[in-house]
Amino acid sequence: MKVLVIGSGGREHALAWKLADAADVTEVFVAPGNGGTATEPGLSNLAINDLPELVAWSLANHVDLVVVGPEAPLAAGAVDLFRAADIPVFGPTQAAAQLESSKAFSKAFMARHGIPTAAFETFSDPAQAHAYIDKQGAPIVVKADGLAAGKGVVVAMTAEEAHLAVDDMLLSNTLGVTHNADGARVVIEEFLVGEEASFMVVCDGTTVLPLATSQDHKRLGRGDTGPNTGGMGAYSPAPVVTDAVHKKAMEAVILPTIAGMRADGIPFTGFLYAGLMISPAGEVKTLEFNCRMGDPETQPIMMRLSSSLAELMLAGATGQLADVDLAWDERPAMGVVLAAAGYPQAPRKGDLIAGIPASQRDAKVFHAGTTLRDDGCLVSNGGRVLCVTALGDDLQAAKNKAYAMIHDIALDGAQFRDDIGARALA
Ligand code: AMP
Ligand code: GLY
């Protein structure tokens, strides 16, 4: 099997590495990839970004499976293009990817299908949005409708912050939201309290297989402080997802979502990620959907997957998930993100990276924002640079191993959290 993975992040490095691990996979191409996928045995980078060009290249090179990692190409219709060319492709169609690419779509979908989520209203008129905030009071949450690379959500502790967020998202757009076809919109919703968990499944339109559970750390600083990021570290499994929470998440959120999408004529295929808020009473509500795997959750989850990812994805792409069994390493895994100076506001690029430890059976450094310079040196090329990931007999052992490795790595101005896994280790 020849496989093409689209993307360049830590998630794509981990997926491509795991895909290459299958006996029947001969070559894995990553477009455009990063400094890690350029040097990983079994992987090659492909310097093509344009989707129609990638379709043509895949046809010419007899690619057997295409995997689309990030949300942007999914929202741009990558899956539809490969399907039109009869190439097996893993991921949701453009219509199904609206679960992530439009908060207004996903909230309306949840309301229509009775899927538990925060109470909300959607606005395009700033005056009405301001009036709603005045009526509801703070804390309150303002979400841009379109994709915003993780920056489109403002959890406002004061009404003033919420008003500013509305003006930003509807008028000045300094957050850089990609507006959807019907223009700038915001969802304003109830503030929920509890503990968050990432719940990911794989689906072929009908059959659903849950992946191992995980928890991400979205804030930049220790103790969940500082600005929101794409994720500073993750571990799997997440003890907050007890058997009772797992059952509720499947029965109240995942299965009705898959059934609802099918009923609406847009069956969901690929990875579905529900961001859940679990209240102190154990009540589960959906914060958001993503139509892809989480990054960095993918890195520890892939370290734990012991069955074939290629088989899983090919079955997911061809409606045959019912024939697949997933197997997991019982041991927990942790991934700690090493981010660039200035992340998340203005990550500095071009810094030399040295001292990355060699891969071991139970420890691996996945690359994200890295690239090989013309002289062959590895340099930073994005906000989240590396994700140092390790398995351990227990979570503390996984943590010790990951942090021992991170201390060997030299990157000027690097930032990382020293408390990944704190909730599970407390
Ligand atoms: P989202 O992209 O919707 O997951 O939002 C990003 C982050 O904002 C989430 O991971 C939560 O930490 C926070 N968040 C989103 N919605 C809410 C809400 N209704 N109540 C409290 N926090 C929220
Ligand atoms: N780590 C959160 C995300 O991938 O959306």
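Quantities reported herein were computed from a predicted structural model and do not represent experimental measurements. Counting convention: from 1, in listed order, for ligands and their atoms alike.
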Participant: Taking atom types as modelled, is there a side-chain donor on Gln299 or Thr389 under 3.5 Å from an acceptor on the other?
Facilitator: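 Absent: no donor and acceptor within the cut-off.
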
Participant: N/O to N/O below 3.5 Å, does that happen between Val153 and ligand 1?
Facilitator: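 No, Val153 has no N/O under 3.5 Å of an N/O on ligand 1.
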
Participant: Find all atoms of ligand 1 within a distance of less than 4.0 Å from any non-hydrogen atom belonging to Leu192, and give their numbers and elements.
Facilitator: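 Contacts of ligand 1 toward Leu192, numbered from 1: 18 (C), 19 (N), 20 (N), 21 (C).
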
Participant: Measuring from each atom of ligand 2, which residues have a heavy atom under 4.0 Å away?
Facilitator: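 Ligand 2 is contacted, at a heavy-atom distance under 4.0 Å, by Asp216, Lys218, Gly230, Tyr273, Asn290, Arg292, Gly294, Asp295, Pro296, Glu297.
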
Participant: Closer than 3.5 angstrom, by distance alone: can the side chain of His13 be matched with the main-chain N or O of His367 as a donor-acceptor pair?
Facilitator: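 A pair under 3.5 Å: yes.
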
Participant: Using a 4.0 Å cut-off to any heavy atom of Lys143, which atoms of ligand 1 qualify?
Facilitator: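 Ligand 1 atoms under the 4.0 Å threshold to Lys143: 3 (O), 15 (C), 16 (N).
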
Participant: Pairs of nitrogen or oxygen atoms closer than 3.5 Å, one from Asn228 and one from ligand 1: do any exist?
Facilitator: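 In this structure, Asn228 places no N or O atom under 3.5 Å from an N or O of ligand 1.
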
Participant: Between Lys18 and Asp21, is there a side-chain N and carboxylate O pair less than 4.0 Å apart?
Facilitator: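 Asp21 and Lys18: salt-bridged.
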
Participant: Got a sec, which residues hit side-chain contact (heavy atoms from CB on, under 4.5 Å) with Ala363, two or more places apart in sequence or on another chain?
Facilitator: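 Expected list: Gln360, Ala390, Lys401, Met405.
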
Participant: Check Arg423, Lys218, Arg219 against Glu196 for a salt bridge (Lys or Arg N to Asp or Glu O under 4.0 Å) and give me the one that passes.
Facilitator: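 Output: one option passes, namely Lys218.
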
Participant: Of all the heavy-atom pairs spanning Asp295 and Gly10, show the shortest one and how long it is.
Facilitator: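 Result for this residue pair: OD2-N, 3.5 Å.
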
Participant: Measure Val155 to ligand 1 on non-hydrogen atoms and call it side chain, backbone, both or neither using the 4.0 Å cut-off.
Facilitator: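 The answer is the side chain of Val155.
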
Participant: Within a distance under 4.0 Å of any heavy atom of Glu189, pick out the atoms of ligand 1 and give their elements.
Facilitator: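 Listed by number with element, the hits are 16 (N), 17 (C), 18 (C), 19 (N).
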
Participant: Under a 4.0 angstrom heavy-atom cut-off, which atoms of ligand 1 come close to Lys218?
Facilitator: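 Contacts of ligand 1 toward Lys218, numbered from 1: 10 (O).
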
Participant: Heavy atoms only: which of Glu196, Glu100, Glu288 lies closest to atom 2 (O) of ligand 1?
Facilitator: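 When every heavy atom of Glu196, Glu100, Glu288 is considered, Glu288 comes closest to atom 2 (O) of ligand 1.
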
Participant: Suppose the criterion is side-chain hydrogen bond (donor to acceptor under 3.5 Å, both in side chains): which pairs have a residue in residues 114-125, not counting sequence neighbours?
Facilitator: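 For residues 114-125: Lys107-Thr117.
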
Participant: Taking atom types as modelled and ignoring hydrogens, do the side chains of Ser8 and Asn34 form a donor-acceptor contact shorter than 3.5 angstrom?
Facilitator: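 Asn34 and Ser8 do not have a side-chain donor-acceptor pair below 3.5 Å.
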
Participant: Give a yes/no on ligand 1: does Lys103 have at least one heavy atom closer than 4.0 angstrom to it?
Facilitator: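 Yes; Lys103 lies near enough to ligand 1 that a heavy-atom distance drops under 4.0 Å.
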
Participant: Of the backbone atoms (N, CA, C, O) and the side-chain heavy atoms from C-beta on, which set of Glu190 has a member under 4.0 Å from an atom of ligand 1: side chain, backbone, both, or neither?
Facilitator: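 For Glu190, the contact with ligand 1 is made by the backbone alone.
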
Participant: Who are the side-chain hydrogen bond (donor to acceptor under 3.5 Å, both in side chains) partners of Asp408, not counting sequence neighbours?
Facilitator: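 If we apply the side-chain hydrogen bond (donor to acceptor under 3.5 Å, both in side chains) test to Asp408, skipping adjacent residues, there are no hits.
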
Participant: When you check the side-chain N and O atoms of Asn45 and Thr37, is any donor under 3.5 Å from an acceptor?
Facilitator: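 Present: a donor and an acceptor within the cut-off.
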
Participant: Would you say the rings of Phe123 and His130 are close, in the sense that their centroids are separated by under 6.0 Å?
Facilitator: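 Centroid separation for His130 and Phe123: 6.0 Å or greater.
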
